[in-house]
Amino acid sequence: SYPPEARKKGYQGKVILRVQILPDGRVGHIEIKESSGYEILDRSALATVKQWSFVPAMEGETPIPFWAELPIRFELTRSESVPRLSGRSR
């Protein structure tokens with residue numbers, strides 16, 4: 001999920017993770033192949049992907065481990081990235 005602190009500061013970016021998918025579909029090792037430029041976004045991407053499960057690669061009928069590259073994008077909508085002013089205009 002988008003870290004609240006990063007959202008508040010307007011941080012955006014893309015993290016590319018290199019992820020080992022185990023034969024049972026769980027995540028094994030994870031490496032940051034390309035940083036977003038913000039440690040808080042990189043950490044969030046790592047923590048999130050560690051919880052995911054995948055359909056494993058198959059060799060015939062046998063599930064096998066494999067490595068995949070996953071891009072994780074952190075993008076704010078225009079309304080989230082533009083400060084809102086409250087009150088009436090004159």
For [X], all residues meeting side chain to side chain contact (heavy atoms under 4.5 Å, CB included), sequence neighbours excluded:
{"X": "Tyr2", "value": "Ala6, Arg7, Gln12, Leu41, Phe74, Leu76"}
{"X": "Ala47", "value": "none"}
{"X": "Leu46", "value": "Leu17, Ile30, Ile32"}

Open item on the list: Suppose the criterion is ring-ring contact (aromatic ring centres under 6.0 Å, His included): which pairs have a residue in residues 4-33, not counting sequence neighbours?
Closed with: Tyr11-Tyr38
Got [X] and [Y] here, is their nearest side-chain heavy-atom distance under 4.5 Å?
{"X": "Ile64", "Y": "Pro23", "answer": "no"}
{"X": "Trp67", "Y": "Val19", "answer": "no"}
{"X": "Phe66", "Y": "Leu22", "answer": "no"}

Sequence neighbours left out, what passes side chain to side chain donor-acceptor pair (under 3.5 Å) with [X]? Give chain and number order.
{"X": "Arg43", "value": "Glu39"}
{"X": "Ser44", "value": "none"}
{"X": "Ser35", "value": "Asp42"}

Task: ILVMFWY cluster, Leu70 and Val15 together (side-chain gap under 4.5 Å) - done: yes
Task: Residue list, salt bridge (Lys or Arg N to Asp or Glu O under 4.0 Å) with Glu34, at least two apart or on another chain - done: none
Task: Pairs flagged by salt bridge (Lys or Arg N to Asp or Glu O under 4.0 Å) wherever residues 54-69 is involved - sequence neighbours left out - done: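 Listed by first then second residue: Lys33-Glu69.
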Task: Listed once per pair and sorted, the salt bridge (Lys or Arg N to Asp or Glu O under 4.0 Å) pairs that draw on residues 14-31, sequence neighbours left out - done: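 Qualifying pairs, neighbours excluded: Arg18-Glu31, Asp24-Arg26.
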- [ ] Can you run down the side-chain hydrogen bond (donor to acceptor under 3.5 Å, both in side chains) pairs that involve residues 46-56, sequence neighbours left out, and say none if there aren't any?
- [x]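 Sorted pair list comes back empty.
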